[in-house]
Amino acid sequence: MKESAHFLIRYRLVPTNTSDKPVRVRFAPSPTGDLHVGNIRTALFDWAYARHTGGQFIFRIEDTDRERVTDEYIQAAQDTLKWLGLNWDEGPEVGGPYGPYLQSQRLDIYAQWAAKFLAQGDAYHCYCSSEELEARREAQKAANVAPGYDGKCRKISQDDLAKYKSEGRLPVLRMRMPDGSTTFTDSIRGDVTFDHNFVPDFVLVRGDGSPLYTLAVAVDDIMMKVTHVLRGEDLLSSTPRQIRVYQAMGVSESDYPTFAHLPFVMGQDNAKLSKRNGEVSIAWYRERGFLPEAICNYLALLGWSPGEDRENVTMKELTELFTVERVHSSPARFDMKKLEAINGDKIRELTIDELLKRTTPFLVKDGVITGTPDELEVVKSALPIIQERIATLAEVSQMLKFLFMAKFAVDSEELPKIQDEQSQVVLKKTDEVLKGLASWDHETIHEALKTALIEGLGLKPRIAFSAIRIAVTGSHISPPLFESLELLGRERSLERIAASIK
RNA sequence: GGCCCCGUCGUCUAGUGGCCUAGGACUCUGGCUUCUCAAGCCAGCUACGCGGGUUCGAAUCCCGUCGGGGCUACCA
């Protein structure tokens, strides 16, 4: 009984959301580059949580910084999510009741709220220039006081105002941070408190009138009725600012989203993952032949675990098992070796038809085949013998190219290995034996060569077969020899063996 | 510097006061199997950062300390 009770708790399928509101989770990247593994881990958890609770998964593009966000990156982000199978219920392409889902198309909404905050006195115009702010920050640092806006423009004299205006200065809109502190409950970290002495008045709207993240993110989460914000740990300290905006919007506390700050995914060098340390873009993994389900499975294990010594989960199982309660608070390091191991496992789980479908693009891209039905037939019959030998789809080209080479030649590095006297004896004998074979299947071939070489010549199998392997496949690493010979066919096999005899 | 977060094998993790002489996975090492390479199987190495408490009993609770990270923008 104890065991089953245990099981129930670990694998409960009921939503963990206790509120009566339907769960709405958003993934809101700012595509300033290709989505990387950290982004995707966040997207995966957002998606899994939404699916687990039967809620909605919302995809929003935070492109308020048009200097850095490009249309290509926005498109790439959508492609990546789709490729991984993280389909969204509301967002670009599919739309939804709270759109548009690109912040650059919601400027009027932010402007209206900004005007309201200004009118209410929650926000104020600030005319301090970047240079002035910079200088004052330096002074604060030198004086060893908390750096941040000093509130100079909270009360601005009419004279100064006239002066700044005559200079043509464009004001930013700043949120007034009241005295006190903000405490919120993070689902992963528990209660977190920030004293407002360390949360300076922050900018909502730039001098040119464009909104900043601090405004847009809070407005959108409220207006899109987001109930759960699962995002990167780097945003933890910006949470009090979002809550301040909610207050200014007049939102009641019960309508604030629940926050959960996910731990970082770090690179090998123990720093926050970025483009500088290693291959982090998902596109890179796709090109290398990593399976989307393997990437998701591996990433799910970074900062979360299903418990019960379980690791291999399908996407469906992930949505069933995922709970925020089981998410870690400590950062995880990305380990390529482990990803490769999981990728290999996932490849082995594929049916041959599925594997064929997935490997064909790689074979075509590498010029091994052009994609004719005849070629695909050969590939399909060869896949069973290499399925357990590859860790990524891209490796299939190297494994199977010997079957398709128009002009075959043994690798120059391998050539000397079959030119010694013993190898030549083996090859001559092989030529002789295979020529006389009535039927060309791997069992017959194996039997005949074993009789002639191992028993007949008294050679060790690894010695004897190695020479044939190199002569026929061009490398000392290949799929199983006899199956390879069968697939190659009698004519080409004999041709290659003959060509290797001096 | 200030504020905040974090700390179990090399890495990802199990662990929520006794089931822990700390379990699993990846990596690594050795072995088995074997036509190469893999896969598979078996075995081994290696961890509760440190110091104090609380308790009959602590990886689990508290305090301190050290270490790592994030933020500190008219980036997100």
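Residue numbers start from 1 in every chain, and the chains themselves are labelled A, B, ... in the order their sequence lines are given, proteins ahead of strands.
In the set B/A25, B/C35, B/A76, B/C35 carries the atom at the smallest distance from any side-chain atom of A/R469. In the set B/C35, B/A14, B/C4, the nucleotide with an atom closest to the side chain of A/V192 is B/C4. For A/L236, the side-chain atoms get nearest to B/C4 when compared with the rest of B/A76, B/C35, B/C4. Taking only side-chain atoms of A/R326, from C-beta outward, the nucleotide of B/U13, B/A14, B/U36 with the closest atom is B/A14. With distances taken from any side-chain atom of A/A341 to the nucleotides B/C37, B/C26, B/A38, the minimum falls on B/C26. Closest to the A/D335 side chain, of the nucleotides B/U11, B/U13, B/A38, is B/U11. Nearest to the side chain of A/F194, among B/C4, B/A76, B/U36, sits B/C4. In the set B/C12, B/C35, B/A25, the nucleotide with an atom closest to the side chain of A/K338 is B/A25. Among the nucleotides B/C37, B/C35, B/G70, the one closest to any side-chain atom of A/I477 is B/C37. Residue A/R137 places its side chain closer to B/C74 than to any other of B/C12, B/A25, B/C74.
In this structure, A/D220 places its CG atom 14 Å from C1' of B/A76, rounding to the nearest Å. Atom OH of A/Y149 is separated from atom P of B/C3 by 24 Å (rounded to the nearest Å). Note: CD (A/E388) to C1' (B/U34) measures 12 Å, nearest angstrom. When rounded to the nearest whole Å, the span between CZ of A/F264 and C1' of B/C12 equals 18 Å. At whole-Å resolution of the value, NZ in A/K346 and C1' in B/C26 are 15 Å apart. For A/Q103 and B/A76, the CD to P distance is 9 Å, given to the nearest whole Å. Between A/L262 atom CG and B/C6 atom P there is a gap of 13 Å when expressed in whole angstrom units.
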Side chain to side chain donor-acceptor pair (under 3.5 Å), that's the test. Do A/D191 and A/T185 meet it? Break it down for me.
CA-CA 4 Å; A/D191 285 357; A/T185 303; 2.7 Å; yes

Could you walk me through whether A/T42 and A/N39 pass side chain to side chain donor-acceptor pair (under 3.5 Å), step by step?
CA-CA 5 Å; A/T42 300; A/N39 291 323; 6.0 Å; no

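For A/S466, no side-chain nitrogen or oxygen approaches OP1 or OP2 of B/C35 to under 4.0 Å. A/R389 has no side-chain polar atom (N or O) that falls below the 4.0 Å cut-off from OP1 or OP2 of B/C37. Residue A/S475 places none of its side-chain N or O atoms closer than 4.0 Å to OP1 or OP2 of B/U36. Between A/H328 and the phosphate of B/A14, there is a side-chain N or O to OP1/OP2 separation shorter than 4.0 Å.
Among the heavy atoms of the strands, none lies under 4.0 Å from A/I386. If you check every strand for non-hydrogen atoms under 4.0 Å, A/G303 touches sugar and phosphate atoms only. Among the protein residues, A/P331 comes within range of the sugar-phosphate backbone only, with heavy atoms under 4.0 Å from sugar or phosphate atoms but none that close to a base. Within the 4.0 angstrom heavy-atom criterion, no nucleotide atom of any strand lies near A/K141. Residue contacts for A/E311: at a heavy-atom cut-off of 4.0 Å it reaches a base atom on one of the strands shown. Heavy atoms of A/L481 sit under 4.0 angstrom from at least one base atom. A/R169 comes within contact range of no nucleotide atom at all, as no heavy-atom separation falls under 4.0 Å. Using a 4.0 Å heavy-atom cutoff across all strands shown, A/P263 reaches no nucleic acid atom at all.
For the pair A/R174 and A/Y149, the cation-pi test (distance below 6.0 Å, angle within 45°) is passed. Geometrically, A/R60 does not engage A/Y101 in a cation-pi contact, judged by NZ or CZ lying under 6.0 Å from the ring centre and within 45° of the ring axis.
Between A/F482 and A/H446, the distance from one ring center to the other falls under 6.0 angstrom. Here A/F334 and A/Y298 bring their ring centres to under 6.0 angstrom of each other.
Proximity of A/R490 to A/L437: side-chain heavy atoms (C-beta onward) are separated by under 4.5 Å at one or more points. Side-chain atoms of A/T193 and A/F184, non-hydrogen and from C-beta on, never get closer than 4.5 Å to each other.
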All N/O donor-acceptor pairs, side-chain side in residues 454-464 of chain A, below 3.5 Å, sequence neighbours left out:
none

What pairs of nitrogen or oxygen atoms, one from the protein and one from nucleotides 20-23 of chain B, lie under 3.5 Å apart?
{"residue": "B/G23", "atom": "N2", "partner": "A/D309", "partner atom": "OD1", "Å": "3.3"}

Could you go through nucleotides 63-66 of chain B and list every protein N or O atom that sits under 3.5 Å from one of its N or O atoms, giving the distance for each pair?
none

Using a cut-off of under 3.5 Å, enumerate the N/O to N/O pairs linking the protein to nucleotides 40-45 of chain B.
none

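Applying the side-chain hydrogen bond (donor to acceptor under 3.5 Å, both in side chains) test to A/Q140 and every residue at least two apart in sequence or in another chain returns nothing. Legend: residues meeting side-chain hydrogen bond (donor to acceptor under 3.5 Å, both in side chains) with A/R41, ordered by chain and number and at least two apart, are absent. Residues that satisfy the ring-ring contact (aromatic ring centres under 6.0 Å, His included) test with A/H125, not counting sequence neighbours, are absent from this structure. Legend: residues meeting side-chain hydrogen bond (donor to acceptor under 3.5 Å, both in side chains) with A/D186, ordered by chain and number and at least two apart, are A/H261. Here A/E349 pairs with A/N312 under the side-chain hydrogen bond (donor to acceptor under 3.5 Å, both in side chains) rule; sequence neighbours left out.
On a pure distance criterion of 3.5 Å, a polar donor-acceptor pair joins the side chain of A/R68 and the base of B/C75. At a cut-off of 3.5 angstrom, counting only N and O atoms as typed in the model, there is no donor on one side facing an acceptor on the other between the side-chain of A/E308 and the base of B/G24.
Of the C1' atoms belonging to B/U60 and B/U16, the separation is 7 Å, rounded to the nearest Å.
The stretch residues 122-132 of chain A touches RNA chain B through A/C128, A/S130, each having a heavy atom within less than 4.0 Å of the strand. Less than 4.0 Å separates RNA chain B from at least one heavy atom of each of the following residues of residues 201-216 of chain A: A/V203, A/R206, A/G207, A/L212, A/Y213.
When both distances must be under 3.5 Å, the Watson-Crick or G-U wobble mate of B/G30 is B/C42. B/U11: Watson-Crick or G-U partner is B/A25, with both key distances under 3.5 Å. Checking B/C20 for Watson-Crick or G-U wobble geometry (two distances, each under 3.5 Å) identifies no partner in any strand. Pairing of B/U54, defined by two Watson-Crick or G-U wobble distances under 3.5 Å, is not identified with any nucleotide. Under the Watson-Crick or G-U wobble criterion, with both distances below 3.5 Å, B/C35 is left unpaired in every strand shown.
Among pairs with a residue in residues 195-219 of chain A, none fulfils ring pair (Phe, Tyr, Trp, His ring centres under 6.0 Å), at least two apart in sequence or across chains.
Nearest-nucleotide positions on RNA chain B for A/R189 and A/F198 put A/F198 closer to the 5' end.
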